[in-house]
Amino acid sequence: MIVEVEAYGGPPGGPWPDAASHSFRGPGGRNSVMFGPPGRLYTYRSYGIHVCANVSCGDDGTAAGVLFRAAAIELGVEIAQTRRPEGTREASLGRGPGNLCAALSISMDDYGVDLFAADSPVGLKFGAPEFGISGPRVGVSQAADRPWRFWLAGRREVSAYRRSPRAPAMGGSD
DNA sequence: GGTAAGATCAGC
DNA sequence: CTGATCTTACCT
């Protein structure tokens with residue numbers, strides 16, 4: 001169950017201009033899924049070592065995505081455990097976007113799959129409680145104060161907030 | 001064609 | 001606090 005997400009928009013001139021988004025500079029390369037139909041998996045490599053996953057949102061042609069930042073592992077805990085360092089606590093199995101993908105074994109091979117198709121290797125379904133709390137996104141240096149991170153209250157799987165060291169001081173223009 | 005920075009994480 | 005390590009963007 002996803003317990004923490006972040007919203008990412010698109011290029012200037014679109015409905016949700018967002019300098020922090022991979023789609024900000026228009027379609028090309030890794031981000032093409034963001035510009036396609038909604039409900040597809042957008043995976044990208046982070047810092048050369050981790051894989052992070054989003055679901056594309058917005059109509060076909062309009063870039064937007066939601067990054068999966070943390071999840072509670074409800075089924076297959078033992079399997080998830082084998083994909084994470086020995087001794088990882090259960091609440092930490094899917095805490096953080098890179099860790100979440102590791103625990104669920106989401107890789108770059110899953111780039112672009114339809115999350116709502118029955119035969120997909122990765123699936124998504126609705127039904128979690130409402131995300132009541134929001135705050136600034138983690139680690140972004142652009143639009144660093146925009147409160148587009150959402151999480152479930154009281155969940156231990158939610159990751160810690162860390163502002164990017166490259167982000168301007170609070171209250172900077174956005 | 002080179003280089004630096006990044007929607008990170010774990011281990012010291 | 002730092003190193004690991006790959007992709008892209010933005011120079012020259």
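Just so we're on the same page: letters track the sequence lines, and every chain starts at 1.
- As rounded to whole Å, 15 Å separates atom C1' of B/dT8 from atom CZ of A/R95.
- Although no hydrogens or angles enter the test, the distance criterion places a donor-acceptor pair under 3.5 Å between the side chain of A/S120 and the main chain of A/D114.
- Relative to the side chain of A/N54, the nucleotides B/dA7, B/dT8, B/dA10 differ in distance, and B/dA7 lies closest.
- Within 4.0 Å (heavy atoms only), A/S141 reaches sugar-phosphate atoms of the nucleic acid but no base atom.
- Here A/Y8 packs flat against the base of B/dA7; its ring centre is closer than 5.5 angstrom to the base's six-membered ring, tilted by less than 30 degrees.
- Contact annotation: A/R149 does not reach the phosphate of B/dA7 (side-chain N/O to OP1 or OP2, under 4.0 Å).
- Rounded to an integer number of Å, the gap from A/Y161 OH to B/dT8 P is 11 Å.
- Regarding A/Q142, its CD atom lies at a distance of 13 Å from the P atom of B/dA5, rounded to whole Å.
- Atom-to-atom, CZ of A/R163 to C1' of B/dT8 comes out at 18 Å; the value is rounded to the nearest Å.
- To the nearest 0.5 Å, atom CE of residue A/M1 and atom CD of residue A/E157 are 7.0 Å apart.
- A salt bridge does not link A/D60 with A/R40: none of the charged nitrogens is closer than 4.0 Å to a carboxylate oxygen.
- The backbone N or O of A/S23 sits nowhere less than 3.5 Å from a side-chain atom of A/Y8 that would complete a donor-acceptor pair.
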- line: Scoring nucleotides 7-12 of chain C by protein non-hydrogen atoms under 4.0 Å (B base, S sugar-phosphate only, - none) yields -S-S--
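- The separation between A/R162 atom CZ and C/dT2 atom C1' is 13 Å, rounded to whole Å.
- The main-chain N or O of A/G10 is never found under 3.5 Å from a side-chain atom of A/S21 such that the two would form a donor-acceptor pair.
- Taking atom CD1 of residue A/I49 and atom C1' of nucleotide C/dG3, one finds them 8 Å apart after rounding to whole Å.
- A distance-only check finds a donor-acceptor pair linking the side chain of A/R137 to the backbone of A/A7 [under 3.5 Å].
- The base of B/dA7 lies close enough to the side chain of A/Y44 for a donor and an acceptor atom to sit less than 3.5 Å apart.
- Stem regions for DNA chain B, each three or more consecutive Watson-Crick or G-U pairs with both distances under 3.5 Å and listed by first number, read B:1-6 with C:6-11, B:8-11 with C:1-4.
- As rounded to whole Å, 13 Å separates atom C1' of C/dC6 from atom OH of A/Y47.
- Residue A/V140 places its side chain closer to B/dA7 than to any other of B/dA7, B/dA10, B/dT8.
- Atom-to-atom distance recorded for A/Y47:OH and A/C52:SG is 10.0 Å, nearest 0.5 angstrom.
- Checking B/dA7, B/dT8, C/dA4 against the side-chain heavy atoms of A/V138 singles out B/dT8 as nearest.
- Shown here is A/I133, whose CD1 atom has more than 12 heavy atoms of other residues, nucleotides or ligands within 6.0 Å.
- Atom CG of A/L100 and atom C1' of B/dT8 are 13 Å apart (whole Å).
- Listed for the A/R149 side chain is no donor-acceptor partner under 3.5 Å among the backbone atoms of A/E6.
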